[in-house]
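Chain letters run A, B, ... following the sequence lines, proteins first and then strands; every chain starts at 1. In this text, all values refer to a predicted model and were calculated from it rather than measured experimentally.
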Amino acid sequence: MSEETKSLNFIEHIIEEDLENGLAKDKLRFRFPPEPNGYLHIGHTKAIGISFGLGEKYNAPVNLRFDDTNPIKEEQEYVDAIKRDIVWLGYRWENELYSSDYFQKLYDWAVKMIKDGKAYVDSQSSEAMAEQKGTPTQVGTNSPFRNRSVEENLDLFQRMKAGEFEAGTHVLRAKIDMEDPNMLMRDPIMYRILHAHHHRTGDEWCIYPMYDWTHGESDYLEQISHSLCSLEFKPHRKLYNWFRDHVYEYSKDKYPLPPKQREFARLNLSYTIMSKRKLLKLVEEGVVSGWDDPRMPTISGLRRRGYTPNSIRQFIEKVGVAKRENIIDVSLLEFCIREDLNKSANRVMAVLDPVKVVITNYPEDKEEWLEAENNPEDESAGFRKVPFSREIYIERDDFKEEAGNKFFRLKLGGEVRLKNAFIIKAENVVKDSNGEIKEIHCTYDTDTSKKVKGTLHWVSTKHAIKAEIREYDRLFSDEAPDGHADKDFMGFINPNSLTIKTGYLEPSLVDVNVGEQFQFQRLGYFNVDNDSKPGALVFNKTVGLRDSWAKQKANPKTNSQPKPQQKRSAISVIQQLGKKYTNLPEEKQLKVKAEIQELANDVSYEELEPLFGTALKKAGTRIAVLIALKRLLKNGLERNDAIDDFINKAKDDKNELLVAEALDI
RNA sequence: UAACCUGUGGUGUAAUGGUAACACUCAAGAUUUUGAUUCUUGUAUUAUAGGUUCGAAUCCUAUCAGGUUAUCCA
């Protein structure tokens with residue numbers, strides 16, 4: 001058994017370090033804390049994968065906590081959808097919890113903070129407070145209410161809770177430092193008045209705690225060891241710690257573990273948007289059919305599109321975890337779903353853009369049922385029968401009257417194999433009045449042992465069943481639709497992101513179930529859509545097969561993107577070789593030396609001279625320069641003062657290799 | 001012109017002071033009853049410049065570039 005020692009990401013390194021420093025392994029605890037104000041999308045999957053993945057790795061509990069402190073935006077519908085999606089992804093939470101469960105505890109702590117002079121009621125307008133807040137480059141100023149007495153603060157806060165005041169008239173603020181360079185520390189708001197109905201607490205509360213005052217304290221109450229969130233919360237960490245340290249003082253006997261927040265870079269996918277607000281706009285404006293439209297990057301959209309939980313988990317694993325901003329190429333997601341479906345999806349034949357083929361030497365009334373393998377990647381998948389007859393459909397793309405020999409498909413006079421069936425030869429075509437090909441007349445040959453270049457999929461016309469086929473393209477035409485300050489993301493919407501076709505399928509597909517997945521051979525992976533009914537089948541194209549032929553067609557000449565595969569200049573290679581020179585074993589040094597000498601033939605004196613000033617410490621580089629210089633001299637370069645200086649300096653160096661080279665001149 | 005964070009092939013992630021590795025993409029080739037799959041091969045001044053060290057992607061300094069932070073949102 002080879003133990004796979006996978007490299008750790010930076011969060012795992014932190015955890016390992018904490019463990020080494022005495023944190024008991026059974027104290028490890030994580031959480032996933034969505035706000036129930038929208039559907040989960042592929043970006044959330046990263047956060048889910050990190051926290052739940054850590055739970056699996058360390059056998060530690062992971063809580064699902066709904067961060068529901070803003071009753072105006074949150075709804076039960078979203079809670080249900082989020083739970084459904086996490087379950088579908090295959091993760092299990094230890095406890096289903098709500099920040100709103102902690103409202104009373106939070107309130108009690110807030111009262112303590114007031115009593116300790118750490119919080120005060122501010123009765124200014126939000127504009128006035130914003131004014132006093134300052135800017136990132138300018139310190140803020142204190143509120144006139146900052147020094148209210150404890151008694152007054154207590155009284156006001158209790159009356160806020162009792163519902164005596166209108167929204168916006170008072171807030172509770174932490175008393176920290178209006179001059180802190182971190183703006184979040186400038187007396188942040190802990191509570192605001194909101195006369196709104198909460199989806200869980202109803203009308204019990206009319207003051208609601210803010211994120212910063214809720215999140216860390218919820219972590220603390222749940223004794224979360226590592227609170228993981230995305231990078232934009234980094235500035236909140238200082239405040240997270242400030243609040244935490246205070247409540248820790250109040251409750252350390254009961255809750256001994258102070259959690260720590262760490263931040264990772266969120267996931268960005270090329271050609272997609274991740275903001276819930278913007279996704280909501282697509283739904284509301286009818287650009288897509290709903291949150292689960294197969295073009296949406298939501299979990300429910302991906303599910304409907306045919307992505308499997310396994311493929312998404314694989315994707316998240318491959319994406320990794322780090323702290324730098326990233327844009328992951330959608331091709332990685334596509335790779336993951338293809339890899340998964342390649343092993344699991346049964347192959348079938350379907351023609352989406354049909355042209356009729358008549359096999360003239362096949363009897364009119366004959367039909368035979370040929371054996372076809374369901375999945376060559378999975379021996380247990382077995383075989384099925386497909387009907388063959390005199391008239392079949394093939395793809396219009398698969399025939400050309402005339403074509404070069406790079407075209408492996410059917411052409412007049414050419415032979416091609418029909419998958420699972422015979423070899424046919426195109427004899428002539430029948431066209432309509434517009435010159436459009438109506439029928440291709442072929443002859444067939446039952447000798448299937450011969451070698452032909454192409455193999456086509458096909459469907460017997462009289463046995464074919466029709467189905468609606470929905471093909472999707474990316475929703476946006478820009479790689480980073482919301483990455484332009486000057487242009488709105490709605491301007492990049494691809495008007496052709498959905499195409500609907502009628503497909504002709506082999507009859508084995510009559511009674512498929514919603515969600516079932518297939519590979520339509522040579523076309524891609526398809527699944528049965530929710531809208532599908534017996535007799536009125538609907539398929540979604542999940543993803544196409546890799547198609548190197550299409551790529552070749554798209555750019556017939558050379559490579560499409562002539563990558564500036566610029567050859568590095570000889571001088572830069574010499575510099576690089578020199579950098580390592582002194583560390584190399586002797587035999588390698590000889591090899592490198594020869595290489596430098598060779599490269600030096602392409603180097604001009606003008607390129608070399610600036611390197612004479614190389615720092616004394618960089619003996620390797622200077623050796624390389626010296627070797628190159630010698631070659632230049634040998635090639636006829638005249639010596640000058642600069643050269644002599646450089647050589648003399650080398651002779652006096654403490655590096656023996658350099659001295660040896662210098663003396664050898 | 002603030003504070004904080006981040007710079008490793010086209011993309012993403014490793015290497016925790018000791019030969020820059022893995023995956024995807026792309027390209028070329030082999031195999032193939034899917035132009036798929038599978039298999040081979042190829043692609044890097046570790047942002048730049050100094051410094052510390054026998055040895056630096058890694059530590060220090062400066063510079064450059066990008067990002068984040070000013071909702072009674074989370």
Side-chain angles (χ1 to χ4, degrees), chain A residues 6-9 13 33-35 37 67-70 72-74 122 125-126 129-130 133-140 167-168 170-171 180-184 186 189 191-194 208 210-212 214-215 231-238 263 265 270 276 318-329 331-336 338-339 342-343 347 349 373 376-377 406 408-409 417-421 423 448 452-457 519-524 544-552 559-561 563 565 568-569 572-573 575-576 579-580 582-584 588 615 617-618:
Chain A
K6 272 191 55 198
S7 58
L8 305 179
N9 64 44
H13 279 295
E35 183 189 10
N37 67 342
D67 224 337
D68 55 351
T69 58
N70 185 357
I72 293 164
K73 286 162 70 179
E74 294 147 10
D122 198 335
S125 68
S126 58
M129 285 195 287
K133 196 141 201 185
T135 66
T137 52
Q138 220 179 323
V139 297
H170 304 277
V171 291
D180 198 294
N182 183 332
M183 295 202 53
L184 290 157
R186 323 241 259 228
I189 294 171
Y191 280 92
R192 78 285 212 187
I193 299 169
L194 241 35
Y208 288 92
M210 301 288 289
Y211 165 84
D212 286 297
T214 310
H215 197 98
L231 236 37
E232 63 270 33
F233 289 97
K234 178 68 218 280
H236 292 251
R237 186 147 119 195
K238 194 172 179 187
E263 311 82 12
S270 62
K276 278 188 208 170
K318 284 187 196 301
V319 156
V321 182
K323 284 204 250 192
R324 62 173 147 150
E325 301 289 332
N326 56 73
I327 300 184
I328 279 100
D329 206 307
S331 63
L332 183 61
L333 220 207
E334 293 178 350
F335 167 81
C336 291
R338 284 192 192 110
E339 189 187 40
N342 178 45
K343 293 191 209 96
R347 322 268 126 146
M349 294 196 286
E373 190 176 14
E377 305 286 323
K406 281 185 102 177
F408 299 166
R409 285 111 103 133
R417 183 187 303 279
L418 293 177
K419 180 83 187 168
N420 304 315
I423 287 175
T448 59
V452 291
K453 263 231 177 114
T455 302
L456 308 185
H457 60 277
Q519 185 196 97
F520 288 3
Q521 276 183 115
R522 301 211 305 133
L523 296 176
L545 261 26
R546 277 186 76 227
D547 189 351
S548 46
W549 169 242
K551 276 175 201 154
Q552 223 181 102
N559 320 345
S560 63
Q561 67 265 66
K563 259 177 222 157
Q565 200 67 42
R568 267 162 60 201
S569 70
S572 77
V573 177
Q575 251 181 301
Q576 200 208 350
K579 237 170 153 180
K580 310 254 161 170
T582 50
N583 313 340
L584 297 172
K588 260 197 168 166
K617 291 287 176 192
K618 306 267 177 193

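Distance noted for atom P between B:C24 and B:G18: 27 Å (whole Å). Of the P atoms belonging to B:U53 and B:C60, the separation is 16 Å, rounded to the nearest Å.
With both pairing distances under 3.5 Å, B:U46 is matched to nothing as a Watson-Crick or G-U wobble pair.
Just one of A:Lys323, A:Arg237, A:Lys234, A:His236 meets the side chain to side chain donor-acceptor pair (under 3.5 Å) condition when paired with A:Glu263; it is A:Arg237.
In the interface, the side chain of A:Glu373 is not paired with the base of B:U33 through any donor and acceptor atom under 3.5 Å apart. Contact annotation: side chain of A:His457 to base of B:A36, donor-acceptor pair absent below 3.5 Å.
Remark: ring of A:Tyr211 does not overlap the six-membered base ring of B:A74 in a stacked fashion, as centroids less than 5.5 Å apart with planes less than 30° apart are not both met.
Residue A:Lys133 is out of contact with every strand shown, counting any heavy-atom pair closer than 4.0 Å. Base contact: A:His236 has a heavy atom under 4.0 Å from a base atom. Using a 4.0 Å heavy-atom criterion, one finds that A:Arg338 contacts no nucleic acid atom at all.
In this structure, CZ of A:Phe335 is placed 12 Å from C1' of B:C22, rounded to the nearest angstrom. Distance CD (A:Glu377) to P (B:U38): 7 Å, rounded to an integer number of Å.
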